[in-house]
Amino acid sequence: MTLADSAIRWYEENARDLPWRQPDTSAWAVLVSEVMLQQTPVVRVEPAWRAWMNRWPTPADLAVDPPSEAIRMWGRLGYPRRAMRLHACAVAIVERHGGRVPDDLDQLLALPGVGTYTGRAVATFAYGQRHPVVDTNVRRVVCRAVEGKPDAGPNTTTADLVAMEALLPEEPAVAAKASIAFMELGAIVCVARAPRCVDCPFEQVCAFRQSGEAIPAGPSRKPQRYAGTDRQVRGLLLEVLRNATAPVPRQRLDTVWVDDVQRARALAGLVEDGLVEPLDSDADRFVLAGDHPPRFPTLL
DNA sequence: GACCCGTGGTC
DNA sequence: TGACCAAGGGT
């Protein structure tokens, strides 16, 4: 039995029942879930995904609303640039593809916010095509089971795609199942810090398990600080703007962080990124990108 | 390749 | 409690 067969058999018995895995899930719904899942845990994505899909069932529904609404609906999922890119993605899908999420990988990869992982995930899970789908979970599972190393590098490389390709069954539908099975295995069994090898279908064949080595202490990736960074300040500024029902005066934003230089840099960064706009009429007040009446009827 | 980009949960 | 981590993408 191949690794893929073994993984699929395990998946059939142990997969989580996630809403975007239902057979009738639209390609748009899959795309939204994949973007939300970029660096955000499943437990926080699930309610946000339901609310998002309820409000914007199709790309066209989202495309007619301003980016500010997407940023608000994003809530506290983190990395709000993803919300903006998802909005831009909806616009691009309407403009380039008549409102239908493309099934061609190159067209998917050309969409805002869709990279190597997400493009392949949509082509595979929404359209049933045969592509290697390599995320951090797959990389870790393959790295351990096949190469016998405790952890993979931080980024997906061509070599990772080639390695996974070699493990895929020929039949596209089976290959898709294998990819989701490898991902699920990495997410709930072959986890980064304390893998549950006794529950793993690869236990008897895993090269790393056979080596008898332990997972080295210390970070498997470069540690990422948050406290005191521009990211934290951006988060504080955006929280105020998200919750605002009227344009926010600069003085209000000045209260979120004491360091003038860093606060100004963070605000400029948000404007640069297109998340926030100064009001045309009044450069001393700010709104989320695209915020306009009727949300702010006083501006009329 | 290195670095930037949020947020909250776990141990 | 601070370090580590979570289905990446863009520059």
Side-chain angles (χ1 to χ4, degrees), chain A residues 11 15-16 18-21 30-49 71 74-86 88-89 108-122 124-126 132-141 151-161 164 176 179-188 190-195 215-242 256 262 265-266 268-270 272-276:
Chain A
Y11 180 81
R16 292 168 293 181
L18 303 176
W20 46 84
R21 289 180 180 167
V30 171
L31 174 55
V32 171
S33 77
E34 295 299 346
V35 173
M36 287 185 170
L37 286 164
Q38 293 168 5
Q39 305 288 279
T40 301
V42 166
V43 288
R44 274 195 283 153
V45 165
E46 192 164 343
W49 179 85
I71 296 167
W74 197 254
R76 305 189 66 82
L77 288 180
Y79 292 136
R81 292 193 298 188
R82 290 182 292 161
M84 201 184 49
R85 289 179 185 143
L86 197 47
C89 197
L108 283 165
L109 293 173
L111 295 171
V114 176
T116 305
Y117 163 75
T118 303
R120 291 166 175 280
V122 171
T124 299
F125 303 138
V133 181
V134 177
D135 73 335
T136 185
N137 292 311
V138 172
R139 225 164 36 243
R140 185 170 55 246
V141 170
D151 270 305
N155 298 312
T156 299
T157 65
T158 302
D160 295 327
L161 293 174
M164 188 60 207
S179 287
I180 194 66
F182 270 71
M183 288 175 61
E184 190 77 344
L185 202 48
I188 66 184
C190 192
V191 295
R193 186 57 63 183
I215 308 289
S220 59
R221 311 173 217 176
K222 192 155 296 183
Q224 185 171 234
R225 281 169 187 71
Y226 180 65
T229 63
D230 286 5
R231 276 186 8 265
Q232 182 181 14
V233 184
R234 287 167 59 112
L236 292 169
L237 291 169
L238 210 56
E239 182 176 16
V240 172
L241 288 157
R242 263 202 314 267
V256 307
Q262 187 174 24
R265 186 173 63 229
L270 288 171
E272 176 75 17
D273 288 348
L275 286 159
V276 173

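None of the values given here were measured: they were computed from a predicted structure. Labels below follow one simple rule: chain letters A, B, ... track the order of the sequence lines, proteins then strands, and each chain is numbered from 1.
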Could one point to a donor on the side chain of A/Arg16 or the base of C/dA7 with an acceptor on the other under 3.5 Å away? yes

If we ignore angles and hydrogens, is there a donor and acceptor under 3.5 Å between the side chains of A/Gln38 and A/Tyr117? no

Quick check against the 3.5 Å criterion: does A/Arg82 have a side-chain atom that pairs as donor or acceptor with the backbone of A/Met36? yes

Flag side-chain contact, heavy atom, 4.5 Å: A/Val42 against A/Leu37: yes

Checking all strands, does A/Trp20 fall into the base, sugar-phosphate, or nothing category for heavy-atom contacts under 4.0 angstrom? base

Is any side-chain N or O of A/Arg242 closer than 4.0 Å to OP1 or OP2 of B/dT7? yes

Is any side-chain heavy atom of A/Arg21 closer than 4.5 Å to a side-chain heavy atom of A/Phe125? no

Under 4.0 angstrom, heavy atoms only, what part of the nucleic acid is A/Gly78 near: base, sugar-phosphate, or nothing? base

Look at all strands and tell whether A/Arg140 reaches a base, only sugar-phosphate, or nothing, counting heavy atoms closer than 4.0 Å. sugar-phosphate

Let's test your reading of the model: under 3.5 Å, does the base of C/dC5 pair with the side chain of A/Gln224 as donor and acceptor? no

Symbol by symbol from the 5' end, with Watson-Crick or G-U pairs under 3.5 Å, [ ] crossing and | another strand, DNA chain B is .||||.|||||

How would you label the contact of A/Arg76 with the nucleic acid (heavy atoms, under 4.0 Å): base, sugar-phosphate, or nothing? sugar-phosphate

Side-chain N or O of A/Tyr226 closer than 4.0 Å to phosphate OP1/OP2 of B/dT7: yes

C/dG9 phosphate, OP1 or OP2: any side-chain N/O from A/Arg81 under 4.0 angstrom? no

Would you mind classifying the nucleic acid contact of A/Leu237 as base, sugar-phosphate or nothing, using non-hydrogen atoms under 4.0 angstrom? nothing

Select base, sugar-phosphate, or nothing to describe what A/Leu238 touches, counting heavy atoms under 4.0 Å on all strands. nothing

Mind checking A/Thr229 for me? I need base, sugar-phosphate or nothing, with any heavy atom below 4.0 Å counting as a touch. nothing

Is there a donor and acceptor pair closer than 3.5 Å between the side chain of A/Thr116 and the base of C/dG9? no

Examine the base of B/dT7 for any acceptor or donor lying under 3.5 Å from a partner atom in the side chain of A/Arg44, and report the outcome as yes or no. yes

Could you measure between the two C1' atoms, the one in C/dG10 and the one in B/dG1, and give it in whole Å? 14 Å

Would you classify A/Thr136 as touching base, sugar-phosphate or nothing, given that sugar-phosphate means primed atoms plus P, OP1 and OP2, and contacts are heavy atoms under 4.0 Å? sugar-phosphate

By nearest-heavy-atom nucleotide on DNA chain C, the more 5' of A/Val191 and A/Gly113 is A/Val191

Is the closest side-chain heavy-atom distance between A/Arg231 and A/Gln224 below 4.5 Å? yes

Sugar-phosphate, base or nothing in reach of A/Asp273, heavy atoms under 4.0 Å: nothing

Taking any heavy-atom pair under 4.0 Å as a contact, classify A/Val35: base, sugar-phosphate, or nothing. nothing

On a heavy-atom basis, the closest approach of A/Leu77 and A/Arg44 is CD2-O, 3.5 Å

